[in-house]
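By convention in this document, chain letters (A, B, ...) are assigned in the order of the sequence lines, proteins followed by strands, and residues within each chain are numbered from 1.
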2 protein chains.
Amino acid sequence: MNQPAVEPTDRKILSLLARDGRMSFTDLGRATGLSTSAVHQRVKRLEQRDLIQGYGATINHAEIGVPLAAFISIRPIDPSQPDDCAARLEHIEEIESCWSVAGEESYVLLVRCTSPAALEDLLARVRAAANVSTRTTIVLTTYYENRPVTGTVEDEPG
Amino acid sequence: MNQPAVEPTDRKILSLLARDGRMSFTDLGRATGLSTSAVHQRVKRLEQRDLIQGYGATINHAEIGVPLAAFISIRPIDPSQPDDCAARLEHIEEIESCWSVAGEESYVLLVRCTSPAALEDLLARVRAAANVSTRTTIVLTTYYENRPVTGTVEDEPG
DNA sequence: TTTGAAAAAGCTTTACA
DNA sequence: TGTAAAGCTTTTTCAAA
């Protein structure tokens, strides 16, 4: 219910930067009614507090030769072993995201690769690295990804 | 096997910007052995070609009051109806990503919200908006998300 | 925390190879 | 495509409130 430790101006800055990570301090200032150096300090503080964890370009995977995306759901083969899947899988570069989840499976991975053959190879490496069984769900269409979800209501018109 | 239409220098730039979307053209130039204005031109071209689709800040959802993430897997209730789930769901702001998938379900959504109660409310809105049944998988831990997967081998040491 | 001003750094264009 | 140089804008730091 409460939204801890982030006051409205900072939320606004976060929301703007989530949408355009290259927005200049000058423009952020205009959008928030602060001076350039005031926003600058706030952004640095947001970075220090780790509320902003980084900045990234959104890449068109389909067009750069990595058109195949899939979810790999993971189940440990031996539940008595220590569960360190995330660490064991970290070195595999095709894994974009790694979550542990509640439900029938223990982990979900989002992976990207060049072809079905590459996916088959990737699956083998995942199973071997973490001693798990896998269930793979191929992505057919990406309608959208990583839309900003900041819990902020956007600008009034004008 | 072939990686279409992106030559090595552009791949390098894409990879660097995926990791740091605020990197300056000067630094990109240093990293690629090009002049500032040469990289500048390349980046603009990459944006025009839509290989770079945008820039965003990575927000710490847990700390800004949106700590709950979940996957919602979707199955249409009436398979004879036209399948326009993505369009019907687009206005729901808690949906960060929307994929159609091969497998038992038709779509997977990644959503973020403030609390279990908010998730329950969100699920009701998803079902109502798209006339679907849902299966929800709650995220327990996010080990990492949105690691850059560019298919580029990174820098030599030095 | 904010501002305003000044210095440093970076961006963008132009002219040209 | 590329470079170099010039002019302009933004970033960053600082003293003061």
Side-chain angles (χ1 to χ4, degrees), chain A residues 2-60 63-65 148 150-153 155-156, chain B residues 2-60 63-65 148 150-156 158:
Chain A
N2 66 325
Q3 289 185 332
V6 191
E7 51 83 64
T9 305
D10 281 343
R11 294 194 84 80
K12 176 100 192 185
I13 291 171
L14 288 170
S15 173
L16 290 164
L17 283 174
R19 282 166 185 70
D20 178 5
R22 289 191 80 115
M23 200 168 168
S24 74
F25 296 117
T26 309
D27 286 346
L28 287 169
R30 277 194 267 269
T32 54
L34 287 176
S35 70
T36 302
S37 52
V39 229
H40 178 247
Q41 288 178 63
R42 276 173 181 265
V43 171
K44 292 304 160 199
R45 225 175 299 132
L46 289 168
E47 290 169 356
Q48 276 167 23
R49 289 205 271 156
D50 198 41
L51 298 187
I52 295 174
Q53 301 181 301
Y55 303 88
T58 304
I59 301 304
N60 190 333
E63 295 297 320
I64 66 162
T150 56
T152 306
V153 177
D155 353 54
E156 328 71 76
Chain B
N2 66 325
Q3 290 185 332
V6 191
E7 51 82 66
T9 305
D10 281 343
R11 294 195 83 79
K12 177 100 193 184
I13 291 172
L14 287 170
S15 173
L16 290 164
L17 282 175
R19 282 167 185 70
D20 179 6
R22 289 191 80 115
M23 200 168 169
S24 74
F25 296 119
T26 307
D27 285 345
L28 287 170
R30 277 194 269 267
T32 54
L34 287 176
S35 70
T36 302
S37 52
V39 227
H40 178 248
Q41 290 177 62
R42 277 173 181 265
V43 170
K44 292 306 160 198
R45 225 175 298 133
L46 289 169
E47 291 170 356
Q48 276 166 23
R49 289 204 273 156
D50 198 40
L51 298 186
I52 296 173
Q53 301 181 303
Y55 303 88
T58 304
I59 302 304
N60 190 334
E63 295 296 320
I64 65 162
T150 57
T152 307
V153 177
E154 276 322 277
D155 353 52
E156 325 70 78

Between [N] atom [atom2] and [X] atom [atom1], what is the distance in whole Å?
X: B:Arg42; N: C:dC11; atom1: CZ; atom2: P; result: 17 Å
X: B:Leu28; N: D:dG2; atom1: CG; atom2: C1'; result: 17 Å
X: B:Leu34; N: C:dA17; atom1: CG; atom2: C1'; result: 16 Å

(request) Nearest 0.5 Å please: distance from the CG atom of B:Asn60 over to the CD1 atom of A:Ile52. (result)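 Those atoms lie 10.5 Å apart.
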
(message) As an exercise, state the distance from CZ of A:Arg22 to CE of B:Met23, rounded to the nearest 0.5 Å.
(response)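 Between atom CZ of A:Arg22 and atom CE of B:Met23 there are 10.0 Å.
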
(request) Give the intermediate values and the outcome of side chain to side chain contact (heavy atoms under 4.5 Å, CB included) for residues A:Lys12 and A:Arg42. (result) CA-CA 11 Å; A:Lys12 176 100 192 185; A:Arg42 276 173 181 265; over 6 Å; no

(message) Checking the side chain of A:Arg30 only, and the main-chain atoms of A:Phe25 only, is there a donor and an acceptor separated by less than 3.5 Å?
(response)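 Not a single qualifying donor-acceptor pair exists.
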
(request) For A:Arg45, enumerate each residue passing the side chain to side chain donor-acceptor pair (under 3.5 Å) test, keeping only those at least two apart in sequence or located in another chain. (result)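 Listed in chain order: nothing, the list is empty.
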
(message) How would you summarise protein contacts on nucleotides 10-17 of chain D per nucleotide, using B for base, S for sugar-phosphate only and - for none, with heavy-atom distances below 4.0 Å?
(response) SBBB----

